[in-house]
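Keep in mind that this is a model prediction, so the values were computed, not measured.
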Amino acid sequence: MRATPWITYLCCAALVALSVIETASAAVMSIDYGTEWFKVGLIKPGIPLDVALNKDSKRKTQTVVLLRGVERSYGSDAVSVASRFPQWTYANLKSIAGKPFEDKHCIEYRQRFVNNMVSDPERGVPLFQHDDERSLSVEELIAYQFQNAREQAKNAAGEDVRDVVITVAPYATQSERQAIVDAAELAGLNVLSLMHDETAVALNYAINREFTSEPEYHIFYDMGAGSTVASLVSFANVEVKEGKSKRTVPQLQVHSVGFDRTLGGHEFDVRLQDLLADKFMEKATTSDIRQSESAMTRLAKEANRVKQILSANTETYASIESLHEDVDFKAKVTRAELETLCKDLIDRVPGPILAALDASGMKLDDIKSLVLVGGGVRVPSIQYSLSSIVGSQKIAKNVNGDEAAVLGAAFRGATLSNQFRLTKQIKIKDITVFPIDVTYAAQDGSPVKTTLFEEFGAIGTRKTMTFKRTTDFDFELTYGKSIAKVEVAGLTEAMEKYAEEIQAAEQPAKVRVAVEYSASGLVSIPEASLQFEIKDSGRTLKGRLVKSFFGGKDGAEKEEQDKKEDETASAAQNSNNSSEPAEEPKTSLKKIPLKVTVIPTGPKPMTEGAKLVARQRMKELDLLDEQRRMREESRNNLESFVYRAQEFLYDDTVVIVSTEEEQEKLRELLSETSDWLYDEGENADTAANVDRLRKLKALEQPIAFRRTEYLNRAGNLKKIDDSVALARNFVSTIRAANEEDRYHTDEELDGLSDLAARVEAWKNDKVKAQDALAAHVSPVLTTAECKRKCQELDEALFKLMQKKKPKAKKPKADKTEKAGKTEEEQPDKENKTENKAGEQAQDKPEENKKPQGNEEREHDEL
């Protein structure tokens with residue numbers, strides 16, 4: 001019985017936990033953030049894994065953001081006006097995120113785009129001087145796009161979504177990854193993990209496939225807008241431990257990666273843009289088109305369109321009206337021209353595949369298929385080049401090249417979120433592309449370099465370095481390039497403070513520094529400490545046990561007791577001649593935490609101060625966006641009402657239920673509002689739109705009400721007649737039934753009949769009053785009143801129809817007769833009891849005996 005409260009408590013706790021899981025927001029999103037496009041994935045209970053649509057109902061959005069004053073535009077909205085405001089339009093931001101200002105990618109960006117890029121004096125990274133007041137970091141501009149992605153997920157999920165997995169290139173450096181994480185933080189997102197693009201594609205590939213214990217190898221070839229990557233991945237079933245049991249799960253393991261940072265679809269666009277500029281200048285007599293930022297922006301957009309058409313056709317026409325100085329442009333472009341123009345790029349196509357094979361030590365014969373991903377692989381010449389390397393039979397197009405990465409990342413997010421319990425678990429083993437080295441000065445001053453994480457080593461691991469130092473020191477971390485200088489302080493002070501304990505230790509003190517390489521590919525130094533062993537009080541374990549048994553002592557008595565304990569233990573050891581070794585004094589490890597300072601040597605991440613400024617600016621823009629959304633919504637409501645009301649006035653019934661004066665007054669106000677909308681009301685605020693809509697509704701609603709009542713009146717009267725007839729039919733049917741079948745009282749039936757008569761009389765009075773009124777006067781017989789009367793009568797009828805027939809009562813037996821019968825039967829009952837007891841006593845010795853012959857048959861028949 002004592003366990004009952006605990007069981008109740010545990011059951012209640014379980015119910016609370018279940019309720020938390022059900023009510024908590026379980027949606028997880030993913031962002032496949034590319035150079036030219038981004039996609040948003042979403043997974044939520046009740047909503048299958050899918051891509052969230054943008055406001056144009058498209059499954060992908062251009063990675064473009066336009067800032068015109070305080071107004072932000074994204075995707076197609078930004079691209080449509082980019083030629084008018086090229087200096088305020090920011091695209092291809094991924095290619096420069098987290099890179100030094102003098103990096104070749106940043107130099108190319110300044111050559112191709114007209115934005116005012118300057119160097120951040122504190123961080124050494126690109127910074128955009130947007131106007132006289134605002135300088136925008138790359139992280140802040142990417143955060144705007146992440147906000148737009150979050151809005152897409154919110155609209156699809158029906159709730160706000162914060163948890164996200166974002167894809168990055170496997171060759172992304174520490175600073176590039178940190179820039180993406182900082183941008184997500186500014187956008188209010190919680191990054192569960194960064195994930196390599198091709199690993200996300202491989203995960204999506206594995207979701208609906210079955211594997212064996214024998215590994216099968218595939219290369220995922222991804223040519224995007226900015227770069228090309230080939231990842232060699234194996235799939236196999238492996239055993240994993242879950243507590244004391246084991247189970248088999250699929251495992252995805254990345255073995256090697258080959259890449260080309262600048263081989264991508266955007267490079268084809270740039271060359272095609274130059275070709276179109278040359279074709280324009282061959283026929284035009286204008287100034288050099290390359291000096292016009294607006295014209296070159298329009299040519300870049302047309303070049304991308306032409307490239308996509310040439311993927312399926314051998315020739316097409318590029319055409320732009322008033323391209324430059326009011327001169328139209330039209331030129332024929334062939335696929336052969338594009339291939340000749342990009343021959344050197346096509347020659348680089350096999351490079352990443354060969355690099356991945358070389359790094360893994362495998363051959364093409366070991367590869368089961370080459371899975372094509374990304375928009376760049378649609379170019380026929382690229383597919384031909386790939387076929388010539390691996391053979392056409394190994395070219396696989398069995399994944400959605402545009403959406404596989406975002407869907408795989410969303411699935412990964414579900415496995416990382418504690419809100420999901422997935423039936424299928426897939427183990428992932430990903431790798432780093434660059435080794436992580438540690439360089440420091442030895443005690444004699446000579447430089448020492450140690451590779452802490454090998455090239456193509458596993459990510460998501462943690463290692464500890466041991467230094468024999470007695471004073472503060474530092475070392476350098478290299479991740480592809482030098483990323484940070486790490487200073488370890490507090491060691492000198494600790495060595496002085498604990499000098500006696502350190503000298504008494506048998507082993508010299510050591511400094512241990514933990515280096516963590518997260519699953520997102522970010523390197524961090526979580527802790528450093530000085531560690532040394534210290535001895536216990538010097539008493540043996542046996543001595544301490546004796547002491548604890550007899551109790552503690554104080555002063556001289558305590559010392560004497562300790563001495564006796566040690567002597568007793570020693571004597572016992574010698575006299576027993578035991579093989580048991582003498583017990584050594586116990587030691588414990590003491591850890592003194594040290595201060596670690598990480599000083600980036602490459603591009604520095606955003607400071608907290610810079611993030612605070614960016615958040616404040618984003619908050620102000622968010623508020624302005626919300627005000628603009630409300631203004632646009634109020635304008636759309638007003639505009640749609642004007643159109644609807646103008647059509648409304650042409651309705652024949654409106655002419656019947658309204659006067660010419662009312663119609664004319666509404667018509668004039670509609671005309672005036674229509675003119676105002678496209679003139680001075682073009683930039684009117686929300687309040688002005690709402691006020692005009694209110695005035696229009698004040699004129700339109702009375703007419704609309706009379707029209708509705710006029711059209712519904714006949715139907716309302718029929719409903720009343722039907723309810724009255726139904727009630728009366730019920731009463732007459734019950735009254736005509738046999739007396740024994742009736743269980744409704746006369747009062748109940750009379751009450752229903754009276755109510756039906758009152759409703760009918762009310763209807764007749766209202767019809768008479770309504771017929772006396774003109775059609776343009778407010779009606780006295782309304783739908784609402786008719787509905788109430790019908791409901792009142794129907795509820796009364798339903799109550800009687802639900803009444804159940806009472807059960808017939810059983811007749812009561814005569815008490816005298818019952819008593820007499822009991823007295824007569826009492827002796828018999830006693831006799832039966834005695835006989836039964838005797839039979840039981842007689843049969844007891846053979847109670848386990850199986851029935852034989854007829855007894856068994858009779859038993860079966862029973």
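At least one donor-acceptor pair closer than 3.5 Å links the side chain of Ser294 to the backbone N or O of Ser83. A donor-acceptor pair under 3.5 Å is absent between the side-chain atoms of Asp120 and the main chain of Gly124, judged by distance alone. Judged by distance alone, with hydrogens and angles left aside, the side-chain atoms of Gln129 form a donor-acceptor pair with the main-chain N or O of Asp131 at under 3.5 Å.
Nearest heavy atom pair, residue Ala179 against residue Gly98, reads CB-N, 3.9 Å. Between Leu42 and Ala156, the shortest heavy-atom distance links the atoms CD2-CB, 3.7 Å. Residues Ala410 and Gly41 approach most closely at CB-C, 4.3 Å, considering heavy atoms. When all heavy atoms of Pro170 and Val229 are compared, the closest pair comes out as CG-CG1, 3.7 Å. Of all non-hydrogen atoms in Glu325 and Ser287, the two that sit nearest each other are OE2-OG, 2.7 Å. Closest heavy-atom contact between Leu186 and Met618: O-CE, 3.5 Å.
Between Asp50 and Arg59 there is a salt bridge, since a side-chain N of the basic residue sits under 4.0 Å from a carboxylate O of the acidic one. We find that Glu321 and Arg298 are not joined by a salt bridge, their nearest charged nitrogen and carboxylate oxygen being 4.0 Å or further apart. Salt bridge absent: Lys94 and Glu36 never bring a charged side-chain N and a carboxylate O closer than 4.0 Å. Taking the charged nitrogens against the carboxylate oxygens, Lys307 and Asp269 do have a contact shorter than 4.0 Å, which makes a salt bridge. For Glu282 and Lys279, the salt-bridge test fails: no basic side-chain N is under 4.0 Å from an acidic carboxylate O. Classification of Asp622 and Arg72 as a salt-bridged pair holds, one side-chain N sitting under 4.0 Å from a carboxylate O. By the 4.0 Å N-to-carboxylate-O rule, Asp77 lies close enough to Lys55 to be salt-bridged with it. Contact check on Asp32 versus Lys39 returns a salt bridge, with a Lys/Arg side-chain nitrogen under 4.0 Å from an Asp/Glu carboxylate oxygen. Under a 4.0 Å N-O distance rule, the pair Glu139/Arg123 qualifies as a salt bridge. Using a 4.0 Å cut-off between charged nitrogen and carboxylate oxygen, Asp625 and Arg629 do not count as a salt-bridge pair. By the 4.0 Å N-to-carboxylate-O rule, Glu185 lies close enough to Lys611 to be salt-bridged with it. With salt bridges taken as basic N to acidic carboxylate O contacts below 4.0 Å, one links Glu682 and Arg635.
With a 4.5 Å cut-off on side-chain heavy atoms, Tyr479 and Tyr517 count as touching. Put simply, the side chain of Asn190 reaches to within 4.5 Å of the side chain of Leu192, judged on heavy atoms. Met223 is not listed as a side-chain neighbour of Asp260, based on a closest heavy-atom distance of 4.5 Å or more. Within the 4.5 Å cutoff, the side chain of Tyr74 has heavy atoms near those of the Tyr144 side chain. Looking at heavy atoms from C-beta onward, Val165 lies out of side-chain contact with Met29 at the 4.5 angstrom threshold.
Counting non-hydrogen atoms of neighbouring residues, nucleotides and ligands closer than 6.0 angstrom, the CD atom of Glu632 exceeds 12 such neighbours.
Aromatic ring pairs are classed by plane angle as parallel below 30°, tilted from 30° to 60° and perpendicular above 60°; the pair Phe329 and Phe280 is perpendicular.
In this structure, the ring of Tyr171 has its center no less than 6.0 angstrom from the ring center of Phe434.
Results of the side chain to side chain contact (heavy atoms under 4.5 Å, CB included) test with Val486 over Leu477, Val515, Val438 single out Leu477 as the only residue that passes.
Note that the CD1 atom of Ile180 and the OG atom of Ser520 stand 12.0 Å from one another [nearest 0.5 Å].
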